[in-house]
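Following: one structure in structure tokens, then a few remarks.
A, B, ... follow the sequence lines: proteins, then strands. Residue 1 opens every chain. Keep in mind that the numbers below use all heavy atoms, side chains included, and drop hydrogens, waters and symmetry copies.
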Amino acid sequence: MYESSKTEAKWQKKWEEEKVYEADLKKAKDPYYSMVMFPYPSGDKLHVGHWYNFAPADSFARYMRMQGKDVFTPMGFDAFGLPAENYAIKTGVHPDDSITSNVETMITQLKRIGCMYDWAKMVNTSKPEYYRWTQWLFLKMFENNLAYRKDAPVNWCNSCQTVLANEQCQDGTCERCGTEVEKKPMTQWYWKITDYAQKLLDNHEKLDWPEKTIAMQKNWIGRSEGVNINFPLEDGSETLVAYTTRPDTIYSVTFIVMAPEHPLVEKLTKGKDIEQSVKKVVQKIQKQTDIERTSEGGKDKLGAFLGVHAINPVNGEKIPVYVANFALMYGTGIVMADAHDQRDFEFAAKYDIPLKFVISEDGKETDPANAKEAYTDDGILFNSGEFSGMRNREALPKIADWMEKKKMGKRQINYKLRDWSISRQRYWGAPIPIVYDLEGNPHPIPEEHLPWELPRDVEFKPTGTAPLAQSKELKERTEKIFGKGWTPEVDTMDTFVCSSFYQFRYLAEGSDNEFVPKDIDKKWMPVDMYIGGPEHACMHLIYARFVTMALKEWGYASNDEPFQRLVHQGLITNNGAKMSKSKGNVVSPDAFVEQYGSDVFRMYLMFMGPFEGGGDWSDTGIKGIDRFVQRVWRLFGEEAKEAKDSKEAKEVQAKLHQTIRKVTADIEALQFNTAIAALMELLNLLEKQEGISKETAKIFTTLLSPMAPHLAQELWESVGEDGFIINSAWPIYDEALCKEETVTVAIQVNGKVRGEISVAADAAQEEVIALAKQEPNVAKYLEGAAIKKEIYVPGKLVSLVV
RNA sequence: GCCCAGGUGGUGGAAUUGGUAGACACGCUGGUCUUAGGAACCAGUGGGUAACCCCCGUGAAGGUUCGAGUCCUUUCCUGGGCACCA
């Protein structure tokens, strides 16, 4: 009987004492940097999802180490953020206290997994020695004109009493708490991630990332190529610039719509009799949430005529100008509207605006009067001046060129990506290192004053103003250093800032005077393998890339990408539902680890299915892995029998080497489920043998060790090896030994399997086909028929066509 | 609506370039050993059939091929992402 908890505790202690997993960052010769996304230290402790992420990642890292790499796998805590603050509001426990205790608990749990983390390099983003660098990063952004303040209508969550980035609003509701998002004007700090939009796209090419993640980022950045077209107003007072990706529909344009936020809306209606009625509509639109305004398929088009007309530059036609809810402040905030866009079509139908088609399938004139919807397919242009008769897609670039030449418009590239709003009116975050003078002008806090510490004398109750505004200590500190009347910035930074550079700080080993040592950065970056959830595809993973690009430009980083290879683990659900505390369906690993041990639990998670697929939690299969572990222990530990004949059967050698080949390939591809299955197959065969050679036992143990490190370490000792198995070399298979002496060949007649024969692996084609024809059941089908075709796939099958 | 994955036994899932579908497990059935078994071990387990043979079988319908889970066409369903972005 293998006693997991005793054995696991024993080796975990030894590994720690002998610092088996500590990396010497300076001396390492063949560095391999393996990271998992660091956890938030919540009071819910580690859940199954964490294990599902960390354990396979650890198995992979162990494998790389046995391949001879100097592997570095650090662990840390993403410790700032709303939950700790909410907990403080509810219970009065200071976030620093609850987080510190949660971190302690989680470290204990993490150590119980038995991963090869190098705890000496741990980071905690909420500690001054860490957020000093979060603040440093802000100063660098400020210095390089990438941080700026902007008064803007921001997304306000009334429940969290805080501003949300666009990226943090999902379907118009707060990503964190689900409350509907309101618009509220506020002065915010932004980081100019948009300066890097193109580079973020270009660099995708050199990343070893899942296609899906790259597609999601591309979508998020949302590059589009179009034309800004000038529509002068009839009276010549203004020119409306509309952005379009479809200049081929220019001859179809019969009206213009503007976003209600556009400053010209007010200017154009000022003093006119329609001023008030337009204002009312604008107000009504602005009350609409993003959901009402942007989704539900445009059932509720809303707008108003602005009482002015513009001129379509291509044909001089007078076209009315409207304000409309579906026009957003994207591009120029002004859209040319025509019969070839469904939204425009619906709007025109509601407000009785005339439409005309300019594209049809065959280029014959069609009339929208009878049409029920827009014609959005491609086709042939008509009534389009010199472009009539051309395919619209072919005409598109030509029209763009022509308009540029005639100065009617200019090509323009737009991105959906917006600048990163990093200000938060929260307590539990890194304070923004800015102070304001008597006139309210912002000044960066000199680096010598970092860390600019988070004050402790605040209440956490949400008041709508930032909690730091209540701190007397912060105010006094500011005045003492900068002068009377100076005030501190009271916002803290988005936690995504903290997590955008932690990969560098692991390498800095807590250094106070250097962000990251240059030689270490050059040696270890980018991270070779980064594993975490796909939910971070568009936020964390874009922010970290942006920050790394900026750091490279400023000379602090040697590489402009942080993570070379990225893998997402799948999601573990419970009865098909995502696990969450609010649903009360979170599965805690602790009870299973207690009963079966870490090795069994982690192997079960890996055996459940493909790593990137995730799956639905069920504990029914864990017994199978427990049995496997016990059987392994019985065979190699308890009852270890040396093979009487040191030369084992060829069959065993072949299977052994096939298994090395399979397990190696599977771990490389993070397909742990089939790697474990291969080891099970080998075990099934070995159990049938009279005895097992020491060499075979050693190889089996080594192959098992990435997945079951404790068991393998214990077996290592019982087969008579010294030291740590992690320091031994990964076995190499012999291709020649993988070959079996005889193979089973299937015989098909007219595509149906009619029998099988066993032949020597190197038998000649003629020989095999001759044997095949003699097989009784096959012969039955061949009787009285002429063979038309004979196919032999070596070692696999014979196919006879009659 | 668009984009991306994916539909295989009672269950989780395996299946190089098209080459014996169901590896490996769970569960179930029978057995051995036991005072007992929710332990361990052995045998069986896609459906039809008493049974060898045989027939059917990878969401559905067609097609290519000696041969299709795999390739092509159409279609249905599930999961994930995006969405009045002009």
Side-chain angles (χ1 to χ4, degrees), chain A residues 1 171 210-216 218-220 222-224 226-227 229 242-247 249 257 259 290 293-301 324-338 340-344 346-347 376 414-416 534-535 537-538 570-571 573 576 604 607-610 612-616 618-625 627-628 630-631 634 665 671 673-684 687 744-756 777 780 787-802:
Chain A
M1 183 75 184
D171 303 324
E211 292 278 337
K212 199 178 166 174
T213 311
I214 288 183
M216 276 166 74
K218 281 191 172 154
N219 212 321
W220 193 264
R223 179 190 155 106
S224 70
V227 182
I229 300 178
Y243 175 71
T244 184
T245 55
R246 294 288 308 277
T249 63
V257 294
D290 276 8
R293 199 165 146 186
T294 64
S295 64
E296 301 305 320
K299 277 170 213 139
D300 301 309
K301 293 279 175 291
N325 63 342
F326 68 90
L328 306 176
M329 275 312 288
Y330 164 78
T332 60
I334 302 172
V335 186
M336 65 181 216
D338 54 70
H340 295 287
D341 182 285
Q342 189 57 27
R343 300 156 297 182
D344 300 348
E346 284 167 15
F347 190 83
T376 54
N414 274 328
Y415 300 91
K416 282 193 249 178
E535 67 274 17
C538 290
L571 184 70
T573 55
Y604 175 57
F607 188 62
M608 265 171 60
E612 292 174 61
D616 199 48
S618 122
D619 57 10
T620 53
I622 197 166
K623 279 234 155 76
I625 298 291
R627 276 180 206 144
F628 171 68
Q630 294 300 343
R631 281 163 60 204
R634 214 171 299 140
Q671 283 157 8
N673 54 334
T674 46
I676 293 169
L679 287 168
M680 286 172 168
E681 279 187 61
L682 178 58
L683 179 71
N684 289 345
E687 278 180 333
T744 306
V745 173
I747 306 149
Q748 294 184 346
V749 181
N750 287 347
K752 288 206 147 90
V753 180
R754 297 301 181 187
E756 55 180 45
N777 200 47
K780 200 168 83 190
I787 293 173
K788 277 195 213 148
K789 205 170 172 186
E790 294 173 351
I791 297 154
Y792 177 55
V793 182
K796 293 261 175 182
L797 62 72
V798 171
S799 187
L800 304 169
V801 187
V802 298

Sugar-phosphate, base or nothing in reach of A:N414, heavy atoms under 4.0 Å: nothing
Inter-nucleotide C1' distance (B:C84, B:U16), Å rounded: 47 Å
Any-strand Watson-Crick or G-U partner of B:G18, both distances under 3.5 Å: none
A:Y330 side-chain N/O to B:A86 phosphate OP1/OP2 under 4.0 Å: yes
Length of the line joining A:K218:NZ and B:G81:P, which is rounded to integer Å: 20 Å
B:G59: syn or anti, per glycosidic angle within 90° of 0: anti
Lys NZ or Arg CZ of A:K416 over A:Y330 ring: under 6.0 Å, within 45°: no
Donor-acceptor pair under 3.5 Å, A:K788 side chain vs B:C66 base: no
Partner nucleotide, any strand, of B:G57 [Watson-Crick/G-U, under 3.5 Å]: none
Residue closer to the 5' end of RNA chain B, A:I622 versus A:T244 (nearest nucleotide): A:I622
Inter-nucleotide C1' distance (B:A60, B:G69), Å rounded: 15 Å
Partner nucleotide, any strand, of B:A5 [Watson-Crick/G-U, under 3.5 Å]: B:U78
B:U20 versus B:U70 - spacing of their C1' atoms, nearest Å: 15 Å
P gap between B:C72 and B:G80, integer Å: 26 Å
C1' spacing across the pair B:G79 / B:G59, given as an integer number of angstrom: 15 Å
Sugar-phosphate or base contact per nucleotide [nucleotides 40-58 of chain B; S, B, -; heavy atom under 4.0 Å]: SS-----------SSSS--
Atom pair distance, as rounded to whole Å: CD1 in A:I791 and P in B:U20: 14 Å
Minimum-distance nucleotide to A:N684 side chain [options: B:C24, B:A86, B:U20]: B:C24
Partners passing salt bridge (Lys or Arg N to Asp or Glu O under 4.0 Å) against A:R631 (at least two apart in sequence or in another chain): A:E687
Sugar-phosphate only, base, or nothing, as touched by A:E681 at under 4.0 Å among non-hydrogen atoms: sugar-phosphate
Whole-Å P distance, B:A25 and B:C76: 40 Å
Euclidean distance, atom CH2 of residue A:W220 to atom C1' of B:C85 [Å, nearest integer]: 13 Å
Atom C1', compared across B:A68 and B:U8: separation rounded to whole Å: 14 Å
Throw together a table of side-chain donor-acceptor distances under 3.5 angstrom for residues 673-682 of chain A, partners on residues two or more places apart or in other chains.
residue	atom	partner	partner atom	Å
A:T674	OG1	A:D666	OD2	2.9
A:T674	OG1	A:Q671	O	3.2
A:E681	OE1	A:K655	NZ	3.0

Closest to the A:R343 side chain, choosing from B:C66, B:U20, B:C85: B:C85
Heavy-atom donor-acceptor pair, A:N777 side chain to A:R754 backbone, under 3.5 Å: yes
Integer-rounded Å distance: B:C82 C1' and A:K416 NZ: 7 Å
Between B:G9 and B:G44 - C1' atom distance, rounded Å: 15 Å
Base-pairing mate for B:G38 - Watson-Crick or G-U, with both contacts under 3.5 Å: none
Pair A:T249-A:M336, side chain to side chain contact (heavy atoms under 4.5 Å, CB included): steps then yes or no: CA-CA 9 Å; A:T249 63; A:M336 65 181 216; 3.5 Å; yes
Spacing between A:Q342 atom CD and B:C2 atom P, to the nearest angstrom: 13 Å
Closest non-hydrogen atom pair between A:V335 and A:A327, with its separation: CG2-CB, 4.4 Å
A:A242 versus A:T332, closest heavy-atom pair with distance: CA-OG1, 3.7 Å
CA sep, side-chain torsions, deciding dist, call: A:D619, A:Y604, side chain to side chain contact (heavy atoms under 4.5 Å, CB included): CA-CA 9 Å; A:D619 57 10; A:Y604 175 57; 5.6 Å; no
Sugar-phosphate, base or nothing in reach of A:S618, heavy atoms under 4.0 Å: nothing
Qualifying residues under salt bridge (Lys or Arg N to Asp or Glu O under 4.0 Å), relative to A:R343, sequence neighbours excluded: A:D341
First encountered from the 5' end of RNA chain B, between A:Y415 and A:A215: A:A215
Closest nucleotide among B:C66, B:G81, B:C24 to the A:M216 side chain: B:G81
Annotated protein contacts, base or backbone, on nucleotides 5-17 of chain B with a non-hydrogen cut-off under 4.0 Å, one of B, S, - each: -------BSS-B-
Separation of A:S618 OG from A:M608 CE (nearest 0.5 Å): 7.0 Å
Opposite nucleotide pairing with B:G10, Watson-Crick or G-U, both atom distances under 3.5 Å: B:C26
Base paired to B:C71 (Watson-Crick or G-U; both N/O distances under 3.5 angstrom): B:G63
Sugar-phosphate only, base, or nothing, as touched by A:D341 at under 4.0 Å among non-hydrogen atoms: nothing
Spacing of A:L797 atom CG relative to B:G18 atom C1', expressed in whole Å: 11 Å
Side chain A:Q748 and base B:G19 donor-acceptor under 3.5 Å: yes
Sugar-phosphate, base or nothing in reach of A:T620, heavy atoms under 4.0 Å: sugar-phosphate
Rounded distance (Å) that lies between atom C1' of B:G1 and atom CD of A:E346: 12 Å
Set of salt bridge (Lys or Arg N to Asp or Glu O under 4.0 Å) partners for A:E535, sequence neighbours left out: none
Spacing between A:F326 atom CZ and B:C85 atom P, to the nearest angstrom: 9 Å
Check against side chain to side chain contact (heavy atoms under 4.5 Å, CB included), A:V801 and A:N750: CA-CA 5 Å; A:V801 187; A:N750 287 347; 3.7 Å; yes
Minimum heavy-atom distance A:F347-A:V257, with the two atoms named: CE2-CG1, 4.0 Å
